[in-house]
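What follows is one structure encoded as structure tokens, with my remarks underneath.
When reading the values below, keep in mind they use all heavy atoms of this one structure, side chains included, and skip hydrogens, waters and symmetry mates. Model, not experiment: these values are computed from the prediction. The sequence lines fix the lettering, A, B, ..., with proteins before strands; numbering per chain opens at 1.
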Amino acid sequence: EPEVTQTPSHQVTQMGQEVILRCVPISNHLYFYWYRQILGQKVEFLVSFYNNEISEKSEIFDDQFSVERPDGSNFTLKIRSTKLEDSAMYFCASSDPSRIQETQYFGPGTRLLVL
Amino acid sequence: DQQVKQNSPSLSVQEGRISILNCDYTNSMFDYFLWYKKYPAEGPTFLISISSIKDKNEDGRFTVFLNKSAKHLSLHIVPSQPGDSAVYFCAAYAGGTSYGKLTFGQGTILTVHP
């Protein structure tokens with residue numbers, strides 16, 4: 001069964017450093033998403049991406065965040081200058097909008113720790 | 001943001017019995033609802049969904065019921081199995097006003113005892 005994959009599984013970084021989280025969505029999917037879950041809190045939407053541009057973003061997704069689909073398979077989330085409060089589990093998801101039910105399928109996540 | 005609420009942080013049931021997980025929402029623009037299951041250190045795994053044009057959807061042991069007038073949905077698992085022990089998230093989506101943003105509840109920890 002096709003699945004969303006994410007690398008790395010864990011990332012430790014110093015405050016102020018840039019990080020890039022990588023995702024390989026399901027191959028025939030066209031919509032891509034990033035969510036995050038701070039420890040003990042809800043899963044929160046960050047951004048959706050379609051046709052090489054952002055479709056929607058949350059208030060969390062400020063100028064420090066960017067997304068890119070650099071090739072036909074990868075989807076990345078970059079945090080330019082990490083803050084302590086960026087420590088969270090980051091989930092990538094993808095969906096196939098040709099289906100009536102636009103279910104999003106999630107990857108296993110990247111645990112980001114900012115020190 | 002309390003648009004989707006799961007008021008029970010945890011639920012404990014005996015193997016073979018029914019598990020009922022509840023979810024309430026406030027945004028009347030939500031028209032598609034999903035249930036996800038999550039194990040520690042893993043991503044949410046899709047279980048079952050329901051469109052607002054339906055009031056019930058069934059898939060094997062899992063049934064989701066939607067009561068639009070009460071803005072309430074529930075997930076029934078029958079019979080419950082120890083492997084069902086996980087965190088269950090309800091999520092909602094407003095197809096007409098946003099594309100892709102899922103709003104999640106806080107989750108309910110389900111423990112199924114052998």
Side-chain angles (χ1 to χ4, degrees), chain A residues 1-7 9-10 21 23-26 29-51 53-61 67 75 89-97 99-111, chain B residues 1-7 9-10 23-27 29-54 57-59 62 64 66 86-109:
Chain A
E1 187 174 322
E3 56 182 24
V4 177
T5 59
Q6 292 185 242
T7 54
S9 57
H10 294 79
L21 309 183
C23 168
V24 178
I26 294 172
H29 285 186
L30 300 177
Y31 279 83
F32 315 113
Y33 314 88
W34 284 100
Y35 291 81
R36 78 174 185 190
Q37 186 180 27
I38 295 171
L39 189 64
Q41 297 187 23
K42 290 184 179 188
V43 176
E44 301 173 288
F45 170 81
L46 292 177
V47 66
S48 60
F49 188 86
Y50 171 72
N51 200 25
E53 58 183 31
I54 290 173
S55 304
E56 185 174 3
K57 60 183 181 180
S58 71
E59 59 276 5
I60 302 167
F61 195 89
V67 289
F75 179 51
M89 196 77 171
Y90 287 81
F91 296 107
C92 173
S94 69
S95 67
D96 174 8
R99 286 162 45 92
I100 293 173
Q101 294 174 328
E102 296 152 350
T103 299
Q104 294 180 27
Y105 294 89
F106 284 74
T110 294
R111 183 172 297 283
Chain B
D1 180 355
Q2 293 290 308
Q3 294 188 72
V4 179
K5 283 197 280 192
Q6 294 173 257
N7 291 317
S10 62
C23 178
D24 296 294
Y25 63 96
T26 56
N27 188 344
M29 300 302 293
F30 288 146
D31 56 4
Y32 190 61
F33 304 89
L34 307 92
W35 284 94
Y36 286 87
K37 171 178 164 180
K38 186 179 179 305
Y39 294 116
E42 293 186 13
T45 301
F46 169 71
L47 276 177
I48 193 168
S49 61
I50 189 166
S51 163
S52 60
I53 61 174
K54 295 186 173 183
N57 189 27
E58 204 168 343
D59 185 1
F62 301 93
V64 56
L66 175 62
V87 181
Y88 287 77
F89 291 98
C90 160
Y93 163 72
T97 60
S98 75
Y99 204 93
K101 176 182 175 181
L102 284 179
T103 301
F104 281 83
Q106 305 94 314
T108 296
I109 301 169

Proximal component of Q41(A), with respect to chain B [non-hydrogen, under 4.5 Å] =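 Neither; nothing under 4.5 Å.
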Which answer fits Y35(A), side chain, backbone, both or neither, if we ask what part of it has an atom under 4.5 Å from a heavy atom of chain B?
->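 Side chain only.
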Would you mind checking which part of [X] comes under 4.5 Å of any heavy atom in chain A, side chain (CB onward), backbone (N, CA, C, O), both or neither?
| X | result |
| --- | --- |
| E42(B) | backbone |
| A91(B) | neither |
| L102(B) | both |

Answer yes or no: is there a side-chain heavy-atom contact under 4.5 Å between Y32(B) and T103(A)?
->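 Y32(B) vs T103(A): side chains touch.
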Heavy-atom check, side chain of F45(A) versus side chain of F104(B), under 4.5 Å =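 Heavy-atom side-chain distance check fails, nothing below 4.5 Å.
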What do the steps show when you test Q6(B) against K42(A) for side-chain contact (heavy atoms from CB on, under 4.5 Å), and what is the final call?
-> CA-CA 11 Å; Q6(B) 294 173 257; K42(A) 290 184 179 188; over 6 Å; no
Is the backbone N or O of L46(A) less than 3.5 Å from a side-chain atom of K101(B), with the two atoms forming a donor-acceptor pair by type?
->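 The answer is no, because no donor-acceptor pair under 3.5 Å joins these two groups.
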Heavy-atom closest pair, residues G43(B) and F91(A) | CA-CE2, 3.4 Å
If you take all heavy atoms of Y36(B) and Q104(A), which pair is closest and at what distance?
-> OH-O, 2.5 Å
To the nearest 0.5 Å, what is the distance between OG (S95(A)) and OH (Y93(B))?
->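 Nearest 0.5 Å value for the OG-OH distance: 7.5 Å.
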